[in-house]
Amino acid sequence: MHEMSIALSIAENVKEVLLEHGDVTPISIRIRIGCLAGIVPDVLRFSFGFAATDILGCSPGLEIEEVLVSGRCLDCGEHFTFDTFPVVCPSCGKARIDHTGGRDLELVSLEVEDNNEGDRCQTKDPESQ
Amino acid sequence: MKVIAVRQKILKANSQAARENRARFSRERVCVVNILGSPGAGKTALLERIAGSNDLSMAVLEGDPETAMDAERMEKAGAAVIQVVTRGTCHLDANMVQLALPRLDYRNRDFLFVENVGNLLCPASFDLGETMRWVVLSTAEGADKPFKYPAAFKTAKAVVINKIDLLPYLDFSMDQVKDGLAQICPKARVFKVSCKTGEGIDPLMGWLRGFSRNPAKTNSKS
């Protein structure tokens with residue numbers, strides 16, 4: 001539901017990075033989204049198309065790496081990953097699980113093309129809006 | 001073609017505003033509670049109960065997609081209040097809180113309650129700079145909610161199960177909700193209350209007083 005807010009934040013972050021590498025065109029954006037972050041990847045991709053067009057003036061691809069939750073069984077010590085609750089230990093079947101991570105919302109990297117080799121993606125001047 | 005490594009938080013602008021809010025609240029010695037819950041869970045009713053106890057000084061920031069109805073209720077209950085209307089946005093963010101603070105008389109009060117937009121999903125992603133989060137879950141919503149909305153419950157310092165007066169009429173399983181909370185947020189304090197009848201409010205108030213920055217009020221009613 002808040003995918004549009006996240007999409008706008010991604011585009012703002014990308015715009016900031018692009019300003020430091022002024023002569024490049026973004027082709028694709030790589031992000032990491034935890035599976036407990038409450039984000040639906042397809043909805044985020046859809047929203048990002050609008051956010052990027054508005055903020056960056058172009059629409060680079062969005063590669064989404066989903067991050068699982070890390071679990072540790074408090075009964076048998078087994079380490080494992082999972083993506084949804086309720087969870088039981090895959091080794092002993094008990095439900096006392098210590099868990100970390102899975103709420104990631106991270107911009108990982110941008111794949112860019114040198115301006116000389118492709119169309120320049122002009123970022124909008126915020127003052128002109 | 002080249003790759004620019006970035007590795008930064010997508011919500012870093014929100015995190016920055018949240019850090020500023022947190023520093024400010026700490027300087028001003030006010031305990032800030034960010035309250036999450038579904039629409040109709042009883043977030044406002046809980047705040048009315050807390051305000052009605054009359055032994056805590058509190059201010060309330062009401063977040064709603066539309067209307068000032070909740071602010072009007074809190075005003076009647078005697079709290080200093082400001083309504084933030086998000087115009088359809090599904091959550092409050094740290095910047096919205098920051099912008100609203102100058103218009104709210106919250107300084108020199110023990111607590112600032114931020115009633116987030118009714119939604120168990122989106123508000124969980126946005127740190128407001130609060131001291132702690134609570135989740136209000138009503139029995140009518142069903143006992144499966146901790147498993148379905150782990151992000152909201154995972155960060156909760158307290159879970160308030162409201163509308164226990166309705167238990168005889170519902171299939172709400174206390175065991176199922178206990179299992180969910182034990183797995184998602186084993187350290188959260190759990191309070192079972194009815195904001196309608198007042199049942200269970202006293203233990204919550206007793207616990208809450210421990211967070212008052214004004215030691216004189218901590219044991220004012222024991």
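Sequence lines set the chain letters: A, B, ... in the order given, protein chains first and strands last, and positions in each chain run from 1.
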Would you call the rings of B:Trp207 and B:Trp134 parallel, tilted or perpendicular, taking 30° and 60° as the class edges?
tilted
Region of A:His99 that comes under 4.5 Å of a non-hydrogen atom in chain B
both
Using non-hydrogen atoms and a 4.5 Å limit, figure out which bit of B:Ala151 sits close to chain A: side chain, backbone, both or neither.
both
Which bit of A:Val69 comes within less than 4.5 Å of chain B, counting heavy atoms only: side chain, backbone, both or neither?
neither
Whether the A:Glu3 and A:Ser47 side chains hold a donor-acceptor pair (N or O, under 3.5 Å, no angle test) is what I'd like checked.
no
Measuring heavy-atom distances to chain B, does A:Leu107 have an atom under 4.5 Å in its side chain, in its backbone, in both, or in neither?
both
Can we say B:Arg22 and B:Asp127 salt-bridge, meaning some charged N sits less than 4.0 Å from an Asp/Glu carboxylate O?
yes
Report the C-alpha separation of B:Lys196 and B:Asp165 in whole Å, then their side-chain angles, then the decisive distance to 0.1 Å, and conclude whether the salt bridge (charged side-chain N to carboxylate O under 4.0 Å, His left out) test is met.
CA-CA 8 Å; B:Lys196 188 163 182 74; B:Asp165 53 308; over 6 Å; no
Can you tell me which residue among A:Glu111, A:Glu106, A:Glu63 is in a salt bridge (charged side-chain N to carboxylate O under 4.0 Å, His left out) with A:Arg30?
A:Glu63
Counting only heavy atoms closer than 4.5 Å, note whether A:Ile31 contacts chain B via side chain, backbone, both or neither.
side chain
One option among A:Ser28, A:Pro86, A:Ala37, A:Gly102 has the most heavy-atom pairs under 4.5 Å with chain B, and it is A:Pro86
Specify which of B:Val6, B:Thr89, B:Ile10 makes the most heavy-atom pairs with chain A at under 4.5 Å.
B:Ile10
Would you mind checking which part of B:Lys154 comes under 4.5 Å of any heavy atom in chain A, side chain (CB onward), backbone (N, CA, C, O), both or neither?
side chain
With a 4.5 angstrom heavy-atom cut-off, which part of A:Val17 approaches chain B: side chain, backbone, both or neither?
side chain
At a heavy-atom distance under 4.5 Å, which candidate from A:Glu16, A:Arg96, A:Glu12, A:Glu20 has the highest pair count against chain B?
A:Glu16
Below 4.5 Å, heavy-atom pairs only: which of B:Pro186, B:Pro150, B:Ala182 has the largest tally toward chain A?
B:Pro150
Given a strict heavy-atom distance threshold of 4.5 Å, which part of B:Tyr149 is in contact with chain A: side chain, backbone, both, or neither?
neither
Which class fits the ring pair B:Phe113 and B:Phe111: parallel under 30°, tilted 30 to 60°, perpendicular over 60°?
parallel
Under 3.5 Å, is there a donor-acceptor pair linking the side chains of B:Ser125 and B:His91?
no
Contacting moiety of A:Ala95, where chain B heavy atoms sit under 4.5 Å
both
Could you pull out the closest heavy-atom pair between B:Ala100 and B:Leu61, with the gap in Å?
CB-CD1, 3.9 Å
Starting from the C-alpha separation in whole Å, work towards a yes-or-no answer on side-chain contact (heavy atoms from CB on, under 4.5 Å) for B:Leu204 and B:Arg49.
CA-CA 11 Å; B:Leu204 171 64; B:Arg49 275 285 170 191; over 6 Å; no
